[in-house]
Amino acid sequence: MDTATIAGNTAWVLTAVIAVALMLPGLALFYGGMVSRKTAMNMMLMVFGSFCVVGVLWIAFGYSAVFGNSIGGLGLLGNPLEFAGLGQLLTAPDDAALPPLALAALHLMFAGLTAGIVAGAAADRMKFGAWLAFAGIWASLVYFPVAHWVFAFDSADGSVRGGWIANTLGAIDYAGSTAIHVNSGVAALALALVLGKRRTWPVQPKAHSLPLTLLGVGLLFTGWIGFDGSGLGAADNNAAVAVFNTVAATCAGVVVWLLVEKIRDGHPTTLGASSGAIAALVAITPSCGAVTPLAALAIGGAAGAVCYFAVALKYKLGFDDALDVTALHFIGGVVGGLLIGILSTPEAPSGGAGLLYGGGFELLGRQALAILAVFAYTFSVTWVIAKVLDLTMGIRVAAPVEAKGLDISLHAENAYENGEDKAHAPRGHAEQLHHLVGQAAVEEKPAPTAR
């Protein structure tokens, strides 16, 4: 590969890193706007805090566990010590198509955001310290292995073995929905079951700021373009196809969700449009490089309709996934993953032939097997992690804390000031002096004369 091509690809991937970084405030705003004002900062901090915890682990051993040579050649986990600390990646090999740390930075974003997605299921009721512990353990035992299955490909000479889904099974997942969205959606379900229902169940606290939620969706949409477009690490026609299909599916998802909402509920809503966008983005993530633009519209529209009805499942089945992570990410990922087996065209970058293009049921079967395997592994391990943490350190806040709100109880701060929130202990000598002078003035002020 010539120098100019490598430079162009590197510039595109580093630009994608910046775009994907916007998904961090996007996810924080999306979730923060949907919860009550009493837990808005806690929700945002759960997203931001878990991102940083996973980022540290990614550097320590996570990159190696995902992209290292598969232990025993089984395709289950990369060698976590092969690139521990990432010092070996400071110099790029002569035959590298990209600087290794560019890829490492992009996937650090993926890993940290995936943990943050799970946080939506635990809104309003999980201890912050327990959440950070859960995020670190979950990334180590669940995300890193599953990401190895999906993202790690065998080397051309066969000296490095990758994950079993990407290589042995040969399922199509252009930008990693199986590792990110199916994975996080299933984990959200398991965590919600261990946490139990909120005290107000089945009544949901009202979303305190839909403008923040919509702003968050806009940032997520921007980052998602870089997320999907960087799937193969090259600035070429493949990236253009993925970007265009991502935009097309999002438009269809919003339109269909609003239409269904109008028919079923009598009015289209901002929260519905936001949810439709996320459902479509999740569904197109695995298929953006596998289908035509018309098929992208079909996938986005299907996700908007299916995920709308999936939201109601938590009430029928009795689990409190607070911000509908399971409905949007797991179900959306299933829709997108399975429709590859029907709509994938050989002319697209991924090159697979779905049922409508003469491929039979083989590709559909591979897609289903990949999803079922991730569901089984992620649900069981996540449930055990949450249960062990619950039995040891406890993962749920006390009832009075939940009633008062996690912001003031756990973090001694609120997203918005009100009359009660303005009172605080004075800090520093100058503020103490000002406080005392103010108090003295109040005490010496004569009482008002009655009229």
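This is a predicted model, so every value here is computed, not measured.
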Check for a donor-acceptor pair, side chain of Asp236 on one end and backbone N or O of Asn238 on the other, with a separation under 3.5 Å. yes
To the closest 0.5 Å, what do you measure between CD1 (Ile263) and NE2 (His267)? 13.5 Å
Does the plane of the ring in His329 sit parallel, tilted or perpendicular to the ring in His181? Use 30° and 60° as the thresholds. parallel
Let me confirm one number: the CG-CE distance from Leu29 to Met23, rounded to the nearest 0.5 Å. 13.0 Å
Could you please spell out the steps behind the side-chain hydrogen bond (donor to acceptor under 3.5 Å, both in side chains) verdict for Tyr174 and Asn245? CA-CA 12 Å; Tyr174 189 88; Asn245 283 341; over 6 Å; no
Would a distance-only check, ignoring hydrogens and angles, find a side-chain to backbone donor-acceptor pair under 3.5 Å from Asp324 to Ala327? no
Leu410 side chain near Val401 side chain, heavy-atom distance below 4.5 Å: yes
I'd like to know if the side chain of Thr382 pairs up with that of Trp138 as donor and acceptor (distance under 3.5 Å, no hydrogens or angles considered). yes
Any non-hydrogen side-chain atom of Leu106 less than 4.5 Å from a side-chain atom of Ser230? yes
Does Trp201 have its ring centroid less than 6.0 Å away from the ring centroid of Phe319? no
d(Ile342 CD1, Phe361 CZ) to nearest 0.5 Å is 8.5 Å
Show your working on salt bridge (charged side-chain N to carboxylate O under 4.0 Å, His left out) between Lys314 and Asp321 and close with a plain yes or no. CA-CA 7 Å; Lys314 67 180 182 181; Asp321 177 358; over 6 Å; no
Is a donor from one side chain sitting under 3.5 angstrom from an acceptor on the other, for Tyr315 and Asp320? no
Salt bridge between Lys38 and Asp407, side-chain N to carboxylate O under 4.0 Å? no
Exactly one of Arg396, Arg198, Arg125 should register a salt bridge (charged side-chain N to carboxylate O under 4.0 Å, His left out) with Glu402. Which one does? Arg396
Only residue of Phe227, Phe144, Phe67 satisfying ring pair (Phe, Tyr, Trp, His ring centres under 6.0 Å) with His107 is Phe67
Enumerate the residue pairs fulfilling side chain to side chain donor-acceptor pair (under 3.5 Å) with a member in residues 278-304, sequence neighbours excluded, ordered by first and then second residue. Trp224-Thr285
To the nearest 0.5 Å, what is the distance between CD1 on Ile172 and CD on Gln367? 6.0 Å
Using side-chain heavy atoms (C-beta onward) and a distance below 4.5 Å, is Met46 in contact with Tyr31? no
We want to know whether Thr39 and Asn42 form a side-chain donor-acceptor pair, criterion being a heavy-atom distance below 3.5 angstrom. no
Spell out, as yes or no, whether a donor-acceptor pair under 3.5 Å connects the side chain of Trp149 to the backbone of Leu76. yes
Does any N or O in the side chain of Ser344 come within less than 3.5 Å of the main-chain N or O of Gly354, such that one atom is a donor and the other an acceptor? no
Centroid-centroid under 6.0 Å between Phe375 and Phe330 rings: yes
Do the non-hydrogen side-chain atoms of Cys288 and Ser350 ever get within less than 4.5 Å of each other? no
Does any N or O in the side chain of Asn167 come within less than 3.5 Å of the main-chain N or O of Gly163, such that one atom is a donor and the other an acceptor? yes
